[in-house]
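To start, the structure itself, in structure tokens.
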There are 2 protein chains.
Amino acid sequence: MSSDVRPAAGRPEVVAATTRLEDVARALGVSGATVSRALSGKPGVSREMAERVRRTAAEMGYVANVHARTLAGGPTSVLGLVVHEIVDPYFTEIAAAMVDAAEEHGLLVQVCHAGRDPERELKQVRTLVAHHVRAIVLAGSGHLDPALEQPTAQVLQGFVARGGQVAVIGRRGLKADAVLPDNVGAGATIARHLVELGHRRIVVLGGLGGLTTVQDRIAGLASVLDADPDVTWHLEPCEFSADGATAATATALDAHPGTTALVTLSDQMATGALDVLRRRGLRVPDDLSVTGFDDIRIAAQLSPGLTTVRFPLTEMGRKALDLVLRPHTGRPRRRTVSSVLVPRDSTAAPNPRR
Amino acid sequence: MSSDVRPAAGRPEVVAATTRLEDVARALGVSGATVSRALSGKPGVSREMAERVRRTAAEMGYVANVHARTLAGGPTSVLGLVVHEIVDPYFTEIAAAMVDAAEEHGLLVQVCHAGRDPERELKQVRTLVAHHVRAIVLAGSGHLDPALEQPTAQVLQGFVARGGQVAVIGRRGLKADAVLPDNVGAGATIARHLVELGHRRIVVLGGLGGLTTVQDRIAGLASVLDADPDVTWHLEPCEFSADGATAATATALDAHPGTTALVTLSDQMATGALDVLRRRGLRVPDDLSVTGFDDIRIAAQLSPGLTTVRFPLTEMGRKALDLVLRPHTGRPRRRTVSSVLVPRDSTAAPNPRR
DNA sequence: TTGTAGGCGTTATCAA
DNA sequence: TTGATAACGCCTACAA
């Protein structure tokens, strides 16, 4: 007697067992191989047979077991996405774009949270690899210290070698397909905007954390600010977060009293800075102009509306998915996305009375 | 010769094959069974053996193949989360909490986006079921029309019958473990706050969309407002979104000129309303008080800070994970979470000059 | 305490 | 065009 018979049911089965490939095959009196081929649209099955199989499978409510399929070497329908901070709207918008776009392709996205910790990131990537996801997308700044990226890079390399796809967003250290926001250009844009408004004493919040994004944005700012002999600017060491900005803003205000413009390296940081200014009774932009980066959703809802440089986050997410879904083996492809200045009410010409 | 030997490497392997259980076993000179037991903390392995295995596995960067494990009957390490809108901070915070908490348990979360569309939701749930996720969490309001929920309910029932776990957040129609925000209570809280401030002419934005959350919040508001004979209030039909609020705010202002307080059913809606008021040159709270629901992160960052009722979103996410991870079979468990009034600057006593 | 062997549901490789 | 049959990598009775 075949061992392939489901547990005999003396009484009616309570637990509706999943219908398997075999069940469909037996119902049709054909082999599992045929059903498999028919269902995955592979050649080697007659038109009518394929049709019959499909119909029966549908009637029986058959859904392939993803694990069995993957184990046997079939294609995976899951994508992995690793972000630094899920609650950060910057990543949320990217993630949302990917989840949406993935759905259009019948794919699922596994979201991981690395908290800017290289070790945690490594662990997440390892997990995704173990899940045999079809592709892995890493979103968020890389680290200046290559040693921190090395282990991850190695795991990813193995993943790619085994047919996996990899793409990164906003990360230039890893040798992979990349969607790269022009952070240097964005920095220059912000700096130009402030200089044109007449600001000559500027404080930039940032530099801590060893992130390439931070470095690039600062480099862009410096390229403009350093070129103008009338401008004095200071880099106030600050973590790349709202809380970091809260702390650094207070320090900076005390250390550089003549400042007329405060540049933060992200909209998130700007919210922290605005909080402090409000508590101190300083008016924006009358007393101080403030700027951000990214143009996340809330930038427009803040009051005053935040002047910032927009990166097309949704587009970036979709582009990454696109890269990852269009396999290729040559050298890494790069999609640079540039920023657009979004002037709002948080910047103005410096107040002459100060 | 064992067929279990990896492709002989005449030259150094380029393709780093995944290390398997077997590889770890061989490295230690033990059987796969021992490694399996040691790694999954099962009894039947000596303390020191277990320790050696764990160390070696870690050194070799071994991560179990999820598909093989699941196929062999092991536990699944993936959770499914279906939310209405990923970009909505309400869901983002819940999702973040779940992803984080899941990681602590070595689990991954597959995030799905249903866009408040029952059919799309059904499809997402089906996909998750096909992926044999360990548990499915549905976050977000249910529909007033039970017929819309029925197909999903049925699929979930089959999932549970096969050992799956299900929990919902903020959804009372489905027969499953649930984390239920006290929306009625929150509505009452907001209404009481406004009445106590002295408001007598109030407009509530909401009612469209057929969502239970909306119905409950309105019921809570009504329970207080209707009880006060001095209060006149109107329900302005409005979609449950920021854009909806934008449109409805304009209409409501024109239709009910004497209004002193504008109640929106979510913080998101409040941002839409505030936008309109700002554009119309109306000051909040001097000309009009405005309230929200949920206390999502940006509520505090708006200017004026938004008066709202806080639901502990992070806690709700973790609670749902908790329910889902502590299997049980009896009747559905319910965890009700109550709200707290968060008075900020968007509400004040009505201006007597108006 | 440890090892052996069979099976989980598919896909892929051969034959037929 | 179809059908056996061997992987895929792990878990778990059962044996030792």
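Each chain gets a letter, A, B and so on, in the order its sequence line appears, and its residues count up from 1. This is a predicted model, so every value here is computed, not measured.
Applying the salt bridge (Lys or Arg N to Asp or Glu O under 4.0 Å) rule to B/Asp100 yields the partners A/Arg120; only residues at least two apart in sequence or on another chain are considered. Evaluation of the side chain to side chain contact (heavy atoms under 4.5 Å, CB included) rule for A/Gln150 yields A/Gln154 as partners, not counting sequence neighbours. For A/Glu104, the salt bridge (Lys or Arg N to Asp or Glu O under 4.0 Å) partners two or more places apart in sequence, or in a different chain, are A/Arg318. Under the side-chain hydrogen bond (donor to acceptor under 3.5 Å, both in side chains) criterion, B/Thr127 pairs with no residue, sequence neighbours left out. Shown here are the side chain to side chain contact (heavy atoms under 4.5 Å, CB included) partners of A/Arg52, two or more places apart in sequence or in another chain: A/Leu28, A/Met49, A/Arg55. Take B/Glu59 and apply the salt bridge (Lys or Arg N to Asp or Glu O under 4.0 Å) test, not counting sequence neighbours, and it matches no residue. The salt bridge (Lys or Arg N to Asp or Glu O under 4.0 Å) check on B/Arg326 picks up B/Asp322, with sequence neighbours excluded.
Taking the six-membered ring where the residue is Trp, A/His84 and A/His143 present perpendicular rings, their angle passing 60° and hence far from 30°.
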Return the polar atom pairs (N/O with N/O) between nucleotides 3-6 of chain D and the protein under 3.5 Å, or none.
residue	atom	partner	partner atom	Å
D/dG3	OP2	A/Ser31	N	2.9
D/dG3	OP2	A/Ser31	OG	3.1
D/dG3	OP2	A/Thr34	OG1	2.6
D/dG3	N7	A/Arg37	NH2	2.8
D/dG3	O6	A/Arg37	NH1	3.2

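One atom, CZ of B/Arg20, and another, P of D/dG9, lie 6 Å apart when rounded to the nearest Å. Whole-Å rounding puts the B/Asp23 CG to D/dG9 C1' distance at 10 Å. Between the CZ atom of A/Arg52 and the P atom of D/dT1 there is a distance of 16 Å, rounded to whole Å. Regarding B/His131, its NE2 atom lies at a distance of 17 Å from the P atom of C/dG9, rounded to whole Å. Atoms CG (A/Leu39) and C1' (C/dT10) sit 11 Å apart, rounded to a whole Å. Spacing between atom NZ of A/Lys42 and atom C1' of C/dA12 amounts to 8 Å, rounded to whole angstrom units.
Between A/Ser36 and C/dT11 there is a side-chain N or O to OP1 or OP2 distance below 4.0 Å. Of the side-chain N and O atoms in B/Ser40, none sit less than 4.0 angstrom from OP1 or OP2 of D/dC11.
Looking at heavy-atom distances under 4.0 Å, A/Leu21 makes contact with a base.
Listed by residue number, B/Leu71, B/Ala72 are the residues of residues 56-73 of chain B with a heavy-atom contact under 4.0 Å to DNA chain C.
Every pair tested for ring-ring contact (aromatic ring centres under 6.0 Å, His included) that includes a residue from residues 18-54 of chain A fails, sequence neighbours excluded, so the list is empty.
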Less than 3.5 Å apart, which donor and acceptor atoms pair up between the side chains of residues 131-140 of chain B and the rest of the protein, not counting sequence neighbours?
residue	atom	partner	partner atom	Å
B/His131	NE2	A/Ser77	OG	3.4
B/Arg134	NE	B/Thr76	O	2.9
B/Arg134	NH2	B/Thr76	O	2.9

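The CZ atom of B/Phe91 sits 13.0 Å away from atom CE of B/Met98, with the distance rounded to the nearest 0.5 Å.
Taking the screw axis at each terminus of the helix from C/dT1-D/dA16 to C/dA16-D/dT1 from five consecutive base pairs, the angle between the two is 40° to within rounding of 10 degrees.
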